There are 2 protein chains.
Amino acid sequence: MEYTVQKLASMAGVSSRTIRYYDEIEILKPARISSSGYRIYGEKEVDKLQQILFYRELGMGLEQIRQILNAPDFDGVKALHEHREQLLEKQEQLKKLITNVEKTIAHKEGRITMSDQEKFEGFKRKKIEENEAKYGEEIREKYGEETVEKSNQKFMNMTEEEYNEFQRLGQEVLDTLYAAYKTGDPAGELAQKTADLHRQWLSFTWNQYSKEAHAGLAQMYVDDPRFTAYYDEKQPGTAEFLRDAIFIYTGQKK
Amino acid sequence: MEYTVQKLASMAGVSSRTIRYYDEIEILKPARISSSGYRIYGEKEVDKLQQILFYRELGMGLEQIRQILNAPDFDGVKALHEHREQLLEKQEQLKKLITNVEKTIAHKEGRITMSDQEKFEGFKRKKIEENEAKYGEEIREKYGEETVEKSNQKFMNMTEEEYNEFQRLGQEVLDTLYAAYKTGDPAGELAQKTADLHRQWLSFTWNQYSKEAHAGLAQMYVDDPRFTAYYDEKQPGTAEFLRDAIFIYTGQKK
DNA sequence: CTTTACATTGACGCTACGTCAAGGTGTATT
DNA sequence: AATACACCTTGACGTAGCGTCAATGTAAAG
């Protein structure tokens with residue numbers, strides 16, 4: 001079957017301008033040009049357009065797509081398998097977003113509490129995924145060795161953005177903790193918020209959360225002088241205060 | 001909790017430039033400006049940014065988003081419920097795309113046949129969804145009355161793009177049919193492709209496909225002179241030929 | 001033979017930022 | 001007290017991926 005611009009476009013659900021643009025940037029050339037100068041596309045071009053749309057769906061730039069498709073060792077079937085993987089990932093992320101919107105509804109109705117942090121769950125993964133698509137593994141290999149900070153990051157298997165966020169959240173835990181300490185009430189709202197932020201912070205490195213482990217770690221903050229020093233640096237007694245707050249948060253009895 | 005540009009940005013997974021841009025276009029203004037000119041954002045702004053990102057995720061333009069959020073009768077919770085609906089729709093579309101990629105793999109491995117039409121299943125829905133998000137119901141109300149063609153379209157509950165595609169596919173059925181007729185073999189590849197295209201064409205208007213109904217319709221093409229005239233116009237005998245092809249396609253015995 | 005629908009090549013416009021540049025600020029460390 | 005360093009500010013220009021005319025030629029149908 002042969003197609004003119006418009007026919008190909010409406011079949012693929014894109015505009016004819018898009019088809020012409022793809023010709024212009026050399027990403028999808030017509031099979032041949034008719035005697036009157038019309039672009040004519042065949043089976044091969046249809047398949048290539050499909051591939052382009054798959055990559056585009058995953059947020060990849062057209063220039064990048066061109067390079068991939070024009071690579072001499074491009075393997076169409078392998079690419080399709082990768083598309084499948086990525087789409088399944090995207091499905092996971094969508095599920096998170098849906099969970100997010102549902103939690104937000106419950107939050108607005110006052111049924112649950114929700115940290116500012118949590119309000120953006122599901123959005124962020126996408127950025128990471130896009131970066132992955134853009135640069136693949138390389139970025140981590142390349143920049144991962146630069147500094148000790150960053151090699152730490154590599155050790156924890158985080159992308160730069162995750163790492164930044166991890167650091168930021170850690171700081172927020174501290175800020176909230178000091179504010180909560182001033183109230184003096186480990187069962188109070190601020191203290192409980194601190195405990196919750198701390199749980200979120202932990203989730204970056206823990207593969208699964210349990211109340212017992214959380215409470216255990218809190219106790220360790222008091223028992224291990226290195227940790228105690230970290231939390232007590234500005235304000236002595238906060239490590240103990242944090243432990244108390246977490247014990248209440250996790251429902252642990254002393 | 002109060003945030004500077006960078007803190008808000010990294011929490012939400014966007015760039016600080018994005019936050020500044022949103023200030024510039026008056027879609028998200030800071031709660032206040034610090035004495036040194038820094039933008040400071042609070043709880044309310046965090047929530048608004050979340051809303052913005054939900055709408056953006058659904059492909060809406062920022063200008064449109066601004067109008068919605070600034071509307072005096074904007075209902076946040078209602079919007080969230082709509083987000084949920086849209087996200088579930090998106091999930092459906094993603095499933096189709098995944099099915100598509102899986103089918104394409106099978107096709108490349110020669111296990112199934114696949115029409116050019118089918119190669120773009122799952123992409124198109126998205127365009128429609130975006131149009132819906134952009135113009136809502138209005139577009140159909142507004143343009144739907146213009147011509148008889150279009151009111152037909154409304155009757156069939158198709159968007160303009162679907163309708164175009166429906167027409168195009170109908171033409172393809174005819175083209176392929178005439179080509180197949182020349183081979184003279186209703187069991188041949190071309191004739192069977194025609195039958196398959198015809199099935200796809202039907203799927204636009206039928207809510208569920210069955211081989212029996214398909215075969216029944218094919219017989220009607222021969223029995224009802226109005227239909228026979230339509231198919232036989234260019235080439236007498238094609239209606240009958242199509243019926244034979246479909247009978248073979250559906251495994252119907254005469 | 002005319003209408004209608006589709007094709008062509010420019011060329012300019014738009015959105016949603018990315019990316020410098022040139023400078024001011026806040027805080028920690030020495 | 002000085003310095004480093006990471007953050008902030010306002011321009012201002014650049015880019016991708018098309019949308020949208022404009023002016024003109026062509027194919028198919030009636």
Side-chain angles (χ1 to χ4, degrees), chain A residues 2-28 30 32-41 49 52-53 55-57 59-67 127 130-131 134-135 147 149 160 163-164 167-168 171 174-175 233-234, chain B residues 2-28 30 32-41 49 52-53 55-57 59-67 127 130-131 134-135 147 149 161 164 167-168 171 174-175 178 233-234:
Chain A
E2 296 205 315
Y3 305 93
T4 58
V5 164
Q6 177 78 348
K7 285 182 184 173
L8 179 62
S10 78
M11 185 170 66
V14 301
S15 75
S16 53
R17 177 68 173 92
T18 299
I19 301 295
R20 277 182 40 237
Y21 180 66
Y22 287 0
D23 181 7
E24 196 182 324
I25 63 169
E26 313 249 276
I27 193 175
L28 181 71
R32 60 187 185 82
I33 305 287
S34 80
S35 62
S36 47
Y38 286 20
R39 294 173 178 81
I40 308 292
Y41 298 87
L49 178 56
I52 292 169
L53 293 186
Y55 279 113
R56 201 185 64 166
E57 181 70 24
M60 192 177 286
L62 294 180
E63 175 55 29
Q64 175 91 6
I65 296 176
R66 207 197 55 189
Q67 284 176 29
K127 266 215 81 175
E130 279 170 9
N131 275 335
K134 270 182 190 156
Y135 309 110
T147 67
E149 281 269 271
E160 182 158 6
Y163 186 70
N164 279 338
Q167 295 286 62
R168 209 201 55 74
Q171 188 57 46
L174 276 182
D175 292 346
E233 191 190 7
K234 291 223 161 169
Chain B
E2 295 205 315
Y3 305 93
T4 59
V5 164
Q6 176 79 350
K7 285 181 184 171
L8 179 63
S10 77
M11 184 169 67
V14 301
S15 75
S16 53
R17 176 67 173 92
T18 300
I19 302 295
R20 277 181 41 239
Y21 180 65
Y22 287 180
D23 181 5
E24 196 181 324
I25 63 168
E26 314 251 274
I27 192 174
L28 182 70
R32 63 188 183 81
I33 306 287
S34 82
S35 61
S36 47
Y38 287 19
R39 293 174 179 82
I40 308 291
Y41 297 87
L49 178 55
I52 292 169
L53 293 186
Y55 279 114
R56 199 185 66 165
E57 180 71 22
M60 194 177 285
L62 293 180
E63 176 54 29
Q64 176 90 8
I65 296 176
R66 208 198 56 189
Q67 284 176 28
K127 269 215 78 176
E130 279 170 9
N131 274 335
K134 270 182 190 156
Y135 309 109
T147 66
E149 281 269 272
E161 293 186 41
N164 279 339
Q167 295 286 60
R168 207 201 55 73
Q171 188 58 46
L174 276 181
D175 292 346
Y178 290 131
E233 192 191 7
K234 291 221 161 170

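These numbers come from a predicted model, not from an experiment. Computation of the quantities below employed the complete heavy-atom set of this structure, encompassing side-chain atoms and omitting hydrogens, waters and symmetry-equivalent molecules. Lettering follows sequence order; numbering is per chain, from 1.
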Chemist: Would you kindly compare B:Tyr21 and A:Ser16 by the position of their nearest DNA chain C nucleotide and give the one closer to the 5′ end?
Modeler: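 Its nearest nucleotide lies further toward 5', so the answer is A:Ser16.
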
Chemist: Please report, rounded to the nearest Å, how far the P atom of C:dG26 is from the NZ atom of B:Lys7.
Modeler: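 Taking atom P of C:dG26 as the reference, NZ of B:Lys7 is at 13 Å.
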
Chemist: Side chain of B:Thr4 only, please: which of D:dC18, D:dC7, C:dT9 is the nearest?
Modeler: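 That would be D:dC7.
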
Chemist: Any side-chain N or O of B:Tyr38 under 4.0 Å from OP1/OP2 of C:dG24?
Modeler: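 No, B:Tyr38 has no side-chain N/O under 4.0 Å of OP1/OP2 on C:dG24.
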
Chemist: As an exercise, state the distance from CZ of B:Arg56 to CD1 of B:Ile27, rounded to the nearest 0.5 Å.
Modeler: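 Spacing of CZ (B:Arg56) from CD1 (B:Ile27) equals 10.0 Å.
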
Chemist: Counting side-chain heavy atoms from C-beta on, which of D:dC8, D:dT10, C:dT9 comes nearest to A:Arg39?
Modeler: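 Within the option list, the nearest is C:dT9.
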
Chemist: Give a yes/no answer on whether the side chain of B:Arg20 brings an N or O atom under 4.0 Å of OP1 or OP2 in D:dA12.
Modeler: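 For D:dA12, OP1/OP2 do not have a side-chain N/O of B:Arg20 under 4.0 Å.
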
Chemist: Using a cut-off of less than 4.0 Å, is there contact between a side-chain N or O of B:Gln6 and OP1 or OP2 of D:dC8?
Modeler: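 Yes.
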
Chemist: Check B:Arg39 against B:Arg20 and note the closest heavy-atom contact, atom names and distance.
Modeler: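 Result for this residue pair: NH1-CG, 3.6 Å.
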
Chemist: Using whole Å, what does the distance between atom C1' of nucleotide D:dA12 and atom CD of B:Glu24 come to?
Modeler: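 Taking CD of B:Glu24 and C1' of D:dA12, I get 11 Å after rounding.
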
Chemist: Rounded to whole angstrom units, what separation is found between the CG atom of B:Leu174 and the P atom of D:dA29?
Modeler: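 Going from CG in B:Leu174 over to P in D:dA29 covers 11 Å.
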
Chemist: Using a 4.0 Å heavy-atom cut-off across all strands, classify A:Leu62 as base, sugar-phosphate, or nothing.
Modeler: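 Answer is sugar-phosphate: A:Leu62 comes under 4.0 Å of backbone atoms only.
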
Chemist: Report the nucleotide, chosen from D:dC18, D:dT10, C:dC17, that has the shortest atom-to-atom distance to any side-chain atom of B:Ser15.
Modeler: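 Of the candidates, C:dC17 comes closest.
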
Chemist: Strictly below 4.0 Å: does A:Tyr22 bring a side-chain N or O up to OP1 or OP2 of D:dG17?
Modeler: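 For D:dG17, OP1/OP2 do not have a side-chain N/O of A:Tyr22 under 4.0 Å.
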
Chemist: Could you tell me whether the phosphate oxygens of D:dC8, OP1 or OP2, come under 4.0 Å of any side-chain nitrogen or oxygen in B:Ser36?
Modeler: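 For B:Ser36, the contact criterion (side-chain N or O under 4.0 Å from OP1 or OP2 of D:dC8) is not met.
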
Chemist: Give the rounded distance in Å between these two atoms: CG of A:Leu28 and C1' of D:dC18.
Modeler: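 Result: 15 Å.
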
Chemist: Provide the closest heavy-atom pair for B:Ile33 versus B:Pro30 in the form atom of the first, atom of the second, distance.
Modeler: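 Nearest heavy atoms, B:Ile33 then B:Pro30: CD1-CG, 3.9 Å.
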
Chemist: B:Ile40 has an atom CD1; how far is it from atom C1' of C:dT25, in whole Å?
Modeler: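 After rounding, the reported distance stands at 12 Å.
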
Chemist: Which one, C:dA7, D:dA27, D:dG19, comes nearest to the side chain of A:Thr18?
Modeler: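 The answer is D:dG19, which lies nearest to the side chain.
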
Chemist: Heavy atoms from C-beta onward define the side chain here; which of D:dC8, D:dA12, D:dA27 lies closest to that of B:Arg17?
Modeler: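 The listed nucleotide nearest to B:Arg17's side chain is D:dA12.
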
Chemist: Strictly below 4.0 Å: does B:Arg56 bring a side-chain N or O up to OP1 or OP2 of C:dC17?
Modeler: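 Checking C:dC17 against B:Arg56, a side-chain N or O does come within under 4.0 Å of OP1 or OP2.
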
Chemist: So B:Ile19 and B:Tyr41, side-chain contact (heavy atoms from CB on, under 4.5 Å) or not? Walk me through it.
Modeler: CA-CA 10 Å; B:Ile19 302 295; B:Tyr41 297 87; 3.4 Å; yes

Chemist: Counting only side-chain heavy atoms from C-beta out, which of D:dG17, D:dT9, C:dT8 sits nearest to A:Val5?
Modeler: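 Ranking D:dG17, D:dT9, C:dT8 by closest atom to the A:Val5 side chain puts C:dT8 first.
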
Chemist: Nearest whole angstrom, please: distance from the P of D:dC8 to the CD1 of B:Ile19.
Modeler: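 Whole-Å distance recorded here is 11 Å.
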
